[in-house]
2 protein chains.
Amino acid sequence: MTVDLEGPEPLYEQIAAVLAARIADGTYPQRRRIPSEAAICEEFDVSRPTARSAIRLLNERGLTFTVRGKGTFVAEQQPSDEPAGDGTSG
Amino acid sequence: MTVDLEGPEPLYEQIAAVLAARIADGTYPQRRRIPSEAAICEEFDVSRPTARSAIRLLNERGLTFTVRGKGTFVAEQQPSDEPAGDGTSG
DNA sequence: AAATATTTGTACGTATGTATG
DNA sequence: GCATACATACGTACAAATATT
């Protein structure tokens with residue numbers, strides 16, 4: 001999986017979207033750790049600040065939570081503002 | 001007003017607290033712009049990322065909102081988790 | 001307990017892009 | 001076009017918490 005440097009979306013949003021998709025499809029199971037900042041830097045070839053921005057988004061959206069010295073973990077519940085939304089309505 | 005480099009709180013939290021106090025006491029009135037990132041850098045002698053972190057905190061807490069190219073403005077209402085809290089109960 | 005490695009937290013510096021006036 | 005101001009992104013260093021040896 002890669003990101004689009006030319007796209008309109010910021011890198012950190014694209015990366016957050018990729019990670020969010022992995023959470024949604026179970027690649028990153030609940031309560032389990034997601035890859036470290038360093039690993040995200042490696043995979044997406046970005047700087048640590050950018051990797052951290054992506055994680056920050058996930059945390060803000062309630063998908064994950066971060067514990068210093070341990071890592072970032074998938075939250076047990078992913079709250080949603082769109083209770084019925086799976087995008088298949090149209 | 002200064003910040004405490006030796007203190008336990010991060011610089012950006014200390015700065016956010018100072019700005020929040022100015023919002024609370026009317027130094028920065030509602031709907032009015034607060035100082036620019038550059039001005040905050042100057043006043044507190046910090047880097048732009050640190051100034052931005054402070055502003056981000058204010059935004060997250062609903063005290064302010066930022067408009068790209070214009071500045072950061074005091075929100076019209078400051079939501080509170082402590083409906084009765086003004087600290088004068090004792 | 002000590003040393004080392006891993007991982008996140010804070011902070012600085014800089015460059016470039018985008019939006020407003 | 002220029003000046004101001006925020007947004008994104010890279011690079012780096014050191015501190016603090018955790019985990020392993």
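Quick caveat, the model's predicted, so the values are computed rather than measured. Sequence lines set the chain letters: A, B, ... in the order given, protein chains first and strands last, and positions in each chain run from 1.
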A/Tyr28 reachable from A/Tyr12 in the ILVMFWY side-chain graph, under 4.5 Å edges: no
Quick one: B/Arg48 CZ to D/dC10 P, roughly how many Å, whole number? 16 Å
Length of the CD1-C1' vector between B/Ile40 and D/dA5, whole Å: 12 Å
Any side-chain N or O of A/Lys70 below 4.0 angstrom from OP1/OP2 of D/dA17? no
For the CD atom on A/Glu60, are there more than 12 heavy atoms of other groups (residues, nucleotides or ligands in this structure) within a distance under 6.0 Å? yes
Rounding to an integer number of Å, can you tell me how far A/Phe65 CZ sits from C/dG9 P? 13 Å
Looking for any heavy atom pair under 4.0 Å, which part of the strands does B/Arg33 touch: base, sugar-phosphate only, or nothing? sugar-phosphate
By nearest-nucleotide position on DNA chain D, the 5'-leaning member of A/Ala51 and A/Gly69 is A/Ala51
Can you tell me which nucleotide in C/dC12, D/dC6, D/dA9 comes closest to the side chain of A/Pro10? D/dA9
Of A/Thr50 and A/Val67, the one whose closest DNA chain D nucleotide lies more 5': A/Thr50
Answer yes or no: is there a side-chain heavy-atom contact under 4.5 Å between B/Ile40 and B/Leu19? yes
Rounded to whole angstroms, how far apart are CZ on B/Phe44 and C1' on C/dT10? 17 Å
Treating Ile, Leu, Val, Met, Phe, Trp and Tyr as nodes and any side-chain heavy-atom pair under 4.5 angstrom as an edge, say whether B/Leu11 and B/Leu57 lie in one connected cluster. no
Whom does C/dA1 pair with, Watson-Crick or G-U wobble, provided both distances fall under 3.5 Å? none
Taking OP1 and OP2 of C/dA11, is either one under 4.0 Å from a side-chain nitrogen or oxygen of B/Tyr12? no
Pick base, sugar-phosphate or nothing for A/Thr72, based on heavy-atom distances below 4.0 Å to the nucleic acid. sugar-phosphate
Starting from C1' on C/dA11, measure out to CD on B/Glu13 and report it in whole angstrom. 14 Å
Rounded to whole Å, the CD-P distance (B/Glu37 to C/dT14) equals 16 Å
Just how far, in rounded Å, is C1' of D/dA19 from CZ of A/Phe73? 11 Å
Between B/Thr50 and B/Ser53, do the side chains contain a donor N or O and an acceptor N or O under 3.5 Å apart? no
For DNA chain C, whose closest nucleotide is more 5', that of A/Ile55 or that of A/Pro49? A/Ile55
Specify the separation, in whole Å, of atom CG of B/Leu57 and atom P of C/dG9. 13 Å
Name the closest nucleotide to the B/Arg68 side chain, picking from D/dA9, C/dG17, C/dT10. C/dG17
Side chain A/Arg52 and base D/dA9 donor-acceptor under 3.5 Å: no
